[in-house]
Amino acid sequence: MKNYINNLQLSISSKNQYIRTISAFINWIQDEYDVDLHIKLKRLKEQKTIKYTPSDDEVDELLRAYDNKSFMNCRNKTIISCLIHLGLRAEELLNLRKDDVDLKNGIITVRKRIGNIDMQLPICNELKLQLHKYMTRYPLDSELLFVSRNCNKLEVSHL
């Protein structure tokens, strides 16, 4: 089995998925038929890679690239600001509703985050200002905070 897996033209993480699946099957056989196969498959070591993180200057440059003069620019600048300041996952961001934003108290409620627990996140003044511009200049006929030009829900792939 080790030779078979090692000879597969796959990434290490894919090979490890094979190992997990085969190990689960071996455990099922041992439990179902009350036998001990004495087979232990160890997962392969994966290289740890550090994901690229933009510098503060790069983030500032990205935000300066968008003005608030059009709906798309204002929306995109607000999306980037939310991602930066709140650390949301793409799906969480795109599921935000207008009523999740409480500018008066400076809080955004993120619904059903990890473990189905809603979270209330504080909004910094910079983000509060950007959200205010977006929500007042471009009032949309949608419950969602971020939508397409046609008021359709944005998909993660669009983000």
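Counting begins at 1 with the first residue of the sequence.
Annotation: the span from Asn105 atom CG to Ile123 atom CD1 amounts to 9.5 Å, rounded to 0.5 Å. Rounded to the nearest 0.5 Å, atoms CG (Asp60) and CD1 (Ile84) are 8.0 Å apart. Summarising the geometry, atom CD1 belonging to Ile26 is positioned 12.0 Å from atom CG belonging to Asp31; distances are rounded to the nearest 0.5 Å. Interatomic distance, CZ of Arg64 versus CG of Asp57, reported as 8.0 Å (0.5 Å rounding). Distance check, rounded to the nearest 0.5 Å: CD1 of Ile22 to CD of Gln17 gives 10.5 Å. Here the straight-line distance linking atom CZ of Arg137 with atom CE of Met135 works out to 14.0 Å at 0.5 Å rounding.
Around CD of Glu46, the count of heavy atoms belonging to other residues, nucleotides or ligands within 6.0 Å exceeds 12. By the neighbour-count criterion of 12 heavy atoms within 6.0 Å, atom CG of Asp34 is sparsely surrounded, having that number or fewer from other residues, nucleotides or ligands. For Arg43, the CZ atom is loosely surrounded, since the number of other residues' heavy atoms within 6.0 Å does not exceed 12.
Proximity of a side-chain donor or acceptor of His85 to a complementary backbone N or O of Cys82 within less than 3.5 Å is not detected. Listed for the Asn150 side chain is no donor-acceptor partner under 3.5 Å among the backbone atoms of Asn152. Between the side chain of Asn76 and the backbone N or O of Met72 there is at least one donor-acceptor pair closer than 3.5 Å. Not one N or O on the side chain of Asp100 forms a donor-acceptor pair closer than 3.5 Å with the backbone of Leu96. A donor-acceptor pair is defined here as one N or O able to donate and one able to accept, closer than 3.5 Å; such a pair exists between the side chain of Lys15 and the backbone of Asn6.
There is a side-chain donor-acceptor pair under 3.5 Å between Glu58 and Tyr52. Counted by atom type alone, Ser11 and Ser14 present one or more donor-acceptor pairs between their side chains at under 3.5 Å.
Residues Leu145 and Val101 form a side-chain contact, since some pair of their non-hydrogen atoms from C-beta on lies under 4.5 Å apart. Residues Leu41 and Lys2 meet the side-chain proximity criterion, which asks for heavy atoms closer than 4.5 Å. By the 4.5 Å heavy-atom criterion applied to side chains, Thr109 and Asp102 are not counted as neighbours. Proximity of Lys77 to Leu63: side-chain heavy atoms (C-beta onward) are separated by under 4.5 Å at one or more points. Put simply, the side chain of Ile107 does not reach to within 4.5 Å of the side chain of Leu121, judged on heavy atoms. Between Arg75 and Ser70, every side-chain heavy-atom pair lies at or beyond the 4.5 Å cut-off. Within the 4.5 Å cutoff, no side-chain heavy atoms of Thr78 are placed close to those of Ser81.
At a threshold of 4.0 Å, the pair Glu92-Arg89 counts as salt-bridged, since one of the basic side-chain nitrogens sits closer than that to a carboxylate oxygen.
Connection of Leu62 to Ile79 is not established within any shared hydrophobic cluster, with ILVMFWY side chains joined at heavy-atom distances below 4.5 Å, either directly or through further cluster members.
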Criterion side chain to side chain contact (heavy atoms under 4.5 Å, CB included) on Leu131 and Glu126, from CA distance to verdict: CA-CA 9 Å; Leu131 281 164; Glu126 183 180 342; over 6 Å; no

Side chain to side chain contact (heavy atoms under 4.5 Å, CB included) between Asn73 and Asn68, worked out: CA-CA 6 Å; Asn73 275 348; Asn68 290 309; over 6 Å; no

Steps toward side chain to side chain contact (heavy atoms under 4.5 Å, CB included) verdict (Gln30, Asn27): CA-CA 5 Å; Gln30 291 180 145; Asn27 288 337; 3.6 Å; yes

Step-by-step side chain to side chain contact (heavy atoms under 4.5 Å, CB included) determination, Leu154 to Leu159: CA-CA 7 Å; Leu154 288 174; Leu159 187 62; 5.6 Å; no

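Ile5 and Ile19 get closest at one heavy-atom pair: CD1-CG1, 3.6 Å. Residues Lys98 and Asp141 share a closest heavy-atom pair of NZ-N, 4.4 Å. The two residues Val147 and Phe71 make their nearest non-hydrogen contact at O-CZ, 3.7 Å. Scanning all heavy atoms of the two residues, the minimum distance from Cys74 to Gln130 falls at O-NE2, 3.6 Å. Counting all heavy atoms, side chain and backbone alike, Gly106 lies closest to Lys128 at CA-CE, 4.0 Å. The two residues Leu44 and Ile12 make their nearest non-hydrogen contact at CB-CG2, 3.8 Å.
Relative ring orientation between Trp28 and Phe25 is described as parallel, the plane-to-plane angle staying below 30° on a 0-90° scale split at 30° and 60°.
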